[in-house]
Enquirer: 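Structure incoming, see below.
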Amino acid sequence: MLAAAKMIHSLFLVNASGDIFLEKHWKSVVSRSVCDYFFEALERATEPENVPPVIPTPHHFLINVLRHRIYFVAVIQSEVPPLFVIEFLHRVVDTFQDYFGVCSEAAIKDNVVVVYELLEEMLDNGFPLATESNILKELIKPPTILRTVVNTITGSTNVGEQLPTGQLSVVPWRRTGVKYTNNEAYFDVVEEIDAIIDKSGSTITAEIQGVIDACVKLTGMPDLTLSFMNPRLLDDVSFHPCVRFKRWEAERILSFIPPDGNFRLLSYHVSSQNLVAIPVYVKHNISFREGSSQGRFELTLGPKQTMGKAVESVLVSSQLPRGVLNANLSPSQGTYTFDPVTKLLSWDVGKINPQKLPSLKGSVSLQTGASKPDENPTINIQFKIQQLAISGLKVNRLDMYGEKYKPFKGIKYMTKAGKFQVRT
Amino acid sequence: MLGMSANSVSYNEQSSVESGVDAAQENSSIPASSSGGLFSADYKKNEDLKEMLESSKESLKLEAMKRIVGLIAKGKNASELFPAVVKNVASKNIELKKLVYVYLVRYAEEQQDLALLSISTFQRALKDPNQLIRASALRVLSSIRVPIIVPIMMLSIKEASTDLSPYVRKTAAHAIQKLYSLDPDQKEHLIEVIEKLLKDKSTLVAGSVVMAFEEVCPDRIDLIHKNYRKLCNLLVDVEEWGQVVIIHMLTRYARTQFVSPWREDAVFDENSEKAFYDSEEERRVEQSKPYIMDPDHRLLLRNTKPLLQSRNTAVVMAVSQLYWHLAPTHELSIITKSLVRLLRSHREVQYIVLQNIATMSIQRKGMFEPFMKSFYVRSTDATHIKTLKLEILTNLANEANISTILREFQTYVKSQDKAFAAATIQAIGRCATNISEVTDTCLNGLVLLLSNRDETVVAESVVVIKKLLQTQPSQHSDIIKHMAKLFDNITVSMARASILWLMGEYCEHVPKIAPDVLRKMAKTFTSEEDIVKLQTVNLAAKLYLTNSKQTKLLTQYILNLGKYDQSYDIRDRTRFIRQLIVPNEKSGALSKYARRILMAPKPAPVLQSAFKDRDRFQLGTLSHSLNSQANGYLELSDWPAVAPDQSVRIVEVVKEAGAPVFGKSKPGKSDEKFYSDSEEEEEEEEEGSSSEDSSSSSSEESESESESEENSDDSNKSSSSQSDSEKKKKTLKNKKLQQQKPDILNITYLPTQIIQKALLLIIRTKFFLMHIVLSFSNQFVASCRCSLLCLYVFLVCQFDTISWDVRVSLQASSPVFVPETSRELLHRMTGKGLSAQYRFTRQPCIYGNSMVSLQLTLSNSSDQALENIHISEKSSTGQNIHRFNAIERLEPQASVTVSMGVDFNDSTQAANFQLCTKEDEFSVSIQPAVGELLLPITMSEADFTKEQSKLVGMNESSATITMTPENVSSQSVNRKVVSVANLGVIPSSQENIHRFAGKTVSSGCLVLVSVALKDPDAVITINTENTVMASMLLRQFKTALTNSGP
């Protein structure tokens, strides 16, 4: 019996137009024709997102993720937890983003050598080896224009010669010998409201998910503790591996030696017992008459329960029914666009002024002969509210131990719309 | 930057390779030797690269390699460059070398002979002092799939598996899998290596070796027994990918080793088992026997639980499936929240998680019912996500929530995504059959949908109604009538066919309407779809049999139409039906049964979840996701009826220095009742038993040390004898020094555990309970954390400096007890607002081997900020002091904790120094208690006795004291002694003798203390070369042991 090779066998990157623009094999080479099965699925799917993440083929399994309009297609030969592969592929994307600023086809092609070096370090024989950004950056330095120039002239390389200290230490996420002249620690508390609002304006479901993203630039081996005024709000949490779980369980305090740079410290879910404040309301009147080729379209947005904060960066989008030919609307503020091909209406509102509520009014024309659409479109809303965590979560204090200097500390709050939908 | 599109443009510039200014940019514009490219140009270009590779300039070579990697990435063939590339395998430039490795791994299989040229380079690199180079050499060597080098690979793997660097050992574990897939005949040898690596205590290796185990010998469960507890305990500290693999393996393991914790299921199976019981009585006995979970089973559940909070979705899923397959039913609910949390993640993650929830929700609605709203569909969800959510909502439907769900479904039915709307109608049908209360409501709703504008919706409704009606046709003749009325407006053929079938099947319920429908069909027959035609023929036949008077002519007309239809299917069917129903001389016996054949009662279709049988696969696996067994899927076995031998998991060696002693000296049952948490008790008992079982308890460090001695063919003698080992160490060669490094590395995972364990044990020890509750203040916790940090730093230091004194690192076990009391260094009144307190951390000092480590807490109680707090350079008493870095500013009411080290030179003479602020200077002094000048060490009892016998005469001092009654328990003796002096507890086989060992911080002089209880007296004996210290210690022990109180 030939051994079944586990884990990730090969990786193909496929762009939006269905071309393979990069391939990497960790074991024997798998012909790229294996992707034909993927292309078949791609053709069947009406939308790019509708490609099933796991596609079986006669000899392999294809597990793919779609990010930044690139499909990352991993070839698997035998049983493996699919989430293992999916999570890893997302980690690859995150790493590329971290290294090149964007994860686009152009960026990957421009940095193909670094990409290859990274993939080589991230997987050994298809099993993840180093996925921690701090470790990778010691092995392979991220490209900068300056370094590229210097390297070409001096002949020095982007590749580290020593095993990153993190690999062996008990704090693998942090490199040693970190030094800064300005010691800073910034924390962003970002909450997202996921909601479905029904026709009449009442909330069908609403929940708050939050994250604390940190940017920590501290010298040495600082040991931080972060405590909340109201930790009971946090119903379910997941941590960066640096957080000491026992301490959280016992005292509800986040105690950790932070990684260097940007990282997500915590993501949380606010307990569903708490009522969720919905910061915006939508008044809508969308109607199509039978037999007429015109329909009425009216939207008005207004703030509610915003704790006195301004609602900014409001963006309304809606997928209009297929029968709609065009829209003739006039916004009281901002700009709107309607794509007659995809039937996507989007209205960039900007800031909501409570005194003068933004509205979008006008008519939509239907294809002649098309029957009245039987469903009104759902409206997706995006917005931002600065300096507010809608759940009421508040950081109490941040302390540092283990180092002698005084760091500069900052905490920022923000509320955003997550998947915020209004059914009409 | 130049992209792919620029290729054709830059094509001409190819020949000019003016040492590319921007290498990264340049290499992206390598021509893709596109289909349009001429062969000659292609050939020429590779010649180019060959020339560059053969040039003497490193930069040109590197440039060439980068281009070649670009070719490989695009899937272009670059194999003809092999000879030119392979020459550079020994390059000094590490980036060039790495790129050559990339190339080699890609093409070695095709160019086996040439690949062999590179082997010697790797063999040499395997001996390189740099662990990264050793590891990457092994990685490449094992990735070259050339069968001829199998013996070399085997040898290298064996060697690397004993490497000092855990990173190299990890690479070795990966190489095992590679070699196995190259040559499965090596299995037996590889299993030996796996067995060895499974014993490895490094968290870095654990995941990889378990992976190799799963690949090579997943059936060798016996290899896991001895490592089971270690793996459970290491799990939290293993890197996340390793966690997933280990959890999956342990799930399988647990299912073979423990008995089922699912009590209810036993009751479910009652019927089938009934026969096995001879009498009712016996059965009751069997059932009433309480289920006690194996402590190891509990250990696994407890240690995986925190991982539900992992940021890695694969880990969360792995733990969830572990709980699903192993946990008692009532504990299952803890995974719900975490799984629901994952639904916020990427689309692909949602997909897998929803699939698993769908399977779970069939069996346990209750788990997800409170989170029903999380499964509401959004218009932006991908279709496969929508369908899965629908599936789950349907599974969750019950009498209580059905109205909410149906209301939600009404929105979905109107969705623009018609495939989804159709799926919703199917779901409504399932709800209707599962919950009889709403069958009528659902039916009515579906009937309403029949007048929907959208054909797919109508068609799907008809199909679902057909299925529903089949279950209870008699009550619903009005619906059938209604459908007959709608028939003219329905154009979807499947729906028309369904209605016709219904008419025929239940023509007795609608005797008047059915012939009329047939009449209409006769008119339009020729223009209908095939499927409608078939059903028309069917209807005609059924009516002919039941109501031939009215329909005889119609039927014959339709049969005639069918006879000349274009489709042979319909012609066949017509011929068949005619023979069957119209009696004539040719038709045989069959026509007698025509009625029974056509009008046979048909079983109603069962509407059930597509996920019904998915639980035959282990959750979270690929096989589960696809609902078909994938290659390499490992079956999860059923629980054994009787648990196999539990003792196989007992490890002979005690894990931690401090823990077993406390566990063992625990007074007894009376104490345990105090705590309600039965789980913890179980664990404690287990620990206790494991330490008792082990005949010769010794510490982790000494054990691993002796291992390494075996490796180096040194004497096999145990190393714990102080002077002996010291002498030995002095003669150690450099090699030996290195070889002991893994021991240092091995303890990397210990600190957290030791401290946590110690904390836990202290808390459990009733004596301190009150005290801890009162002073479980930040201070105590902070001190623990600080010591943890010290250890981190301490370990990091070790990696940086190989010259670290081996003696200290090997012997300084962690303290059994760290007092949390601080002493005052400077009062705020004397310090003009600055107050200082110090305490001994009892940790090895990171600033120097001979220093005692101290922790200083400085607080500012004045109302002005204090600036530049530091220790003045001049020390009045001449001790060597490591000062803390000056504190630039201390705000009012703020306090800061710093650490410092003082070399007291093994005397209790106070260290005097000046604590300075910007304005003032304060003289302070630290007077150490004699017990703080020690560091605990661990050794076996035998070694203790041996060492003790060497330190007699002058070196022995002893005293007899009368113990207060409350002090005679072994626990209290231990506690008293370790609180007075920083000593390690030596496991003792005699009940009434307690032994402790330590060494002085500065000179490393051995201090052995034994307390022999002879009720009511006790003899304290101290053996050490430092007699002054001995007498001081003796005095302190006397006071401590004769005094009552905590």
Side-chain angles (χ1 to χ4, degrees), chain A residues 3-6 22-23 32 49-50 52-54 56 65 78-84 86-87 90 106 109-113 116 120 124-125 127-128 143 148 152 155 157-159 161-163 167 169-170 176 196 205 209 221 223 236-240 245 269 371 374-375 378 402 404 419 421, chain B residues 1 3-4 22-24 28 58-59 66 69-70 73 75 94-95 98 131-132 139 167 174 177-178 180-181 184 211 215 241 244 306 309 311-314 317 337 341 344 346 348-349 351-352 373 376 378-379 382-384 414 453 620-622 625-626 630-633 748 789 792 796 885 887:
Chain A
K6 290 230 174 190
L22 187 120
E23 62 180 74
R32 54 166 70 192
E49 294 84 35
N50 285 352
V54 184
V65 307
S78 61
E79 176 60 53
V80 58
L83 269 188
F84 189 98
I86 290 171
E87 176 81 25
H90 281 295
K109 281 180 175 174
D110 286 344
N111 297 294
V112 73
V113 173
Y116 242 67
E120 190 71 27
D124 180 16
N125 197 35
F127 190 79
T148 320
T152 344
T157 67
N158 277 332
V159 178
E161 300 198 14
Q162 286 298 325
L163 186 67
Q167 271 287 20
S169 90
V170 279
T176 49
I196 302 177
T205 160
Q209 319 271 349
M221 273 280 168
D223 196 334
D236 180 55
V237 282
S238 81
F239 300 119
H240 189 275
F245 182 70
H269 179 264
S371 55
D374 45 18
E375 191 207 22
T378 46
K404 283 123 211 163
K419 295 173 185 157
Q421 295 199 336
Chain B
M1 297 247 163
M4 268 278 270
D22 191 336
S28 69
E58 287 273 288
S59 59
K66 284 184 173 176
V69 168
I94 195 144
E95 185 166 20
K98 278 203 166 175
Q131 47 182 343
L132 185 61
R139 265 180 77 182
Y167 185 72
H174 287 181
Q177 305 164 52
K178 298 184 210 170
Y180 181 57
S181 62
M211 189 67 229
E215 186 103 328
W241 310 108
V244 178
Q309 254 66 47
R311 65 168 171 173
N312 186 319
T313 56
M317 190 64 235
K337 267 186 201 169
R341 186 186 69 230
R344 282 278 303 172
H346 298 286
E348 298 84 9
V349 176
Y351 176 72
I352 303 293
K373 288 188 171 175
Y376 280 8
R378 292 161 199 281
S379 60
T383 305
H384 51 255
K414 285 188 266 170
R453 210 183 321 273
T621 59
L622 187 62
S625 192
L626 295 167
N631 184 17
Y633 174 77
T748 48
L789 185 66
Y792 287 158
V796 170
N885 292 350
I887 299 161

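Proteins come first, then strands; the chains are lettered A, B, ... in the order of their sequence lines, and each starts at number 1.
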Enquirer: When rounded to the nearest 0.5 angstrom, what is the spacing between CZ in B:Arg311 and CD in A:Glu87?
Expert: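 One gets 8.0 Å once the value is rounded to the nearest 0.5 Å.
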
Enquirer: Kindly compute the distance separating OG1 (A:Thr378) from CZ (B:Arg378), expressed to the nearest 0.5 Å.
Expert: 11.0 Å

Enquirer: Is the shortest side-chain heavy-atom distance between B:Met317 and A:Pro81 below 4.5 Å?
Expert: no

Enquirer: Please look at A:Tyr116 and chain B and tell me whether the side chain, the backbone, both or neither of the residue comes under 4.5 angstrom of a heavy atom of that chain.
Expert: side chain

Enquirer: For B:Tyr633, is it the side chain, the backbone, both or neither that has a heavy atom under 4.5 Å from a heavy atom of chain A?
Expert: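 Backbone plus side chain of B:Tyr633, per the 4.5 Å heavy-atom cut-off to chain A.
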
Enquirer: To the nearest 0.5 Å, tell me how far B:Tyr376 OH sits from A:Thr205 OG1.
Expert: 7.5 Å

Enquirer: Fit a plane to each ring of B:Trp241 and A:Phe84, take the angle between them on a 0 to 90° scale, and name the class: parallel (under 30°), tilted (30 to 60°) or perpendicular (over 60°).
Expert: perpendicular

Enquirer: With side chains defined as the heavy atoms from C-beta onward, is the minimum distance between A:Asp236 and B:Gln309 less than 4.5 Å?
Expert: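 A:Asp236 vs B:Gln309: side chains touch.
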
Enquirer: For the residue pair B:Leu622 and A:Glu79, what are the closest heavy atoms and their distance?
Expert: N-OE2, 2.7 Å

Enquirer: Which answer fits B:Ser379, side chain, backbone, both or neither, if we ask what part of it has an atom under 4.5 Å from a heavy atom of chain A?
Expert: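 Both the backbone and the side chain of B:Ser379 come within 4.5 Å of chain A.
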
Enquirer: With rounding to the nearest 0.5 angstrom, report the CD to NE2 distance, A:Glu49 to B:His384.
Expert: 9.0 Å

Enquirer: Can you tell me how far CD1 of A:Ile86 sits from CD1 of B:Ile352, rounded to the nearest 0.5 angstrom?
Expert: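 The CD1 atom of A:Ile86 is 4.0 Å from CD1 of B:Ile352, to the nearest 0.5 Å.
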
Enquirer: With a 4.5 angstrom heavy-atom cut-off, is it the side chain or the backbone of B:Val349 that approaches chain A, or both, or neither?
Expert: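 Looking at B:Val349, backbone and side chain both touch chain A.
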
Enquirer: Are B:Arg344 and A:His269 packed together at the side-chain level, in the sense that at least one heavy-atom pair is separated by less than 4.5 angstrom?
Expert: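 SC-SC contact between B:Arg344 and A:His269 ruled out.
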
Enquirer: Only pairs of heavy atoms separated by less than 4.5 Å count here; which of A:Ile196, A:Val65, A:Val237, A:Asp124 has the most with chain B?
Expert: A:Asp124

Enquirer: Using a cut-off of under 4.5 Å for heavy-atom pairs, which of B:Ala630, B:Ser625, B:Gly75, B:Ala73 has the most such pairs with chain A?
Expert: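 Most heavy-atom pairs within the cutoff with chain A belong to B:Ala73.
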
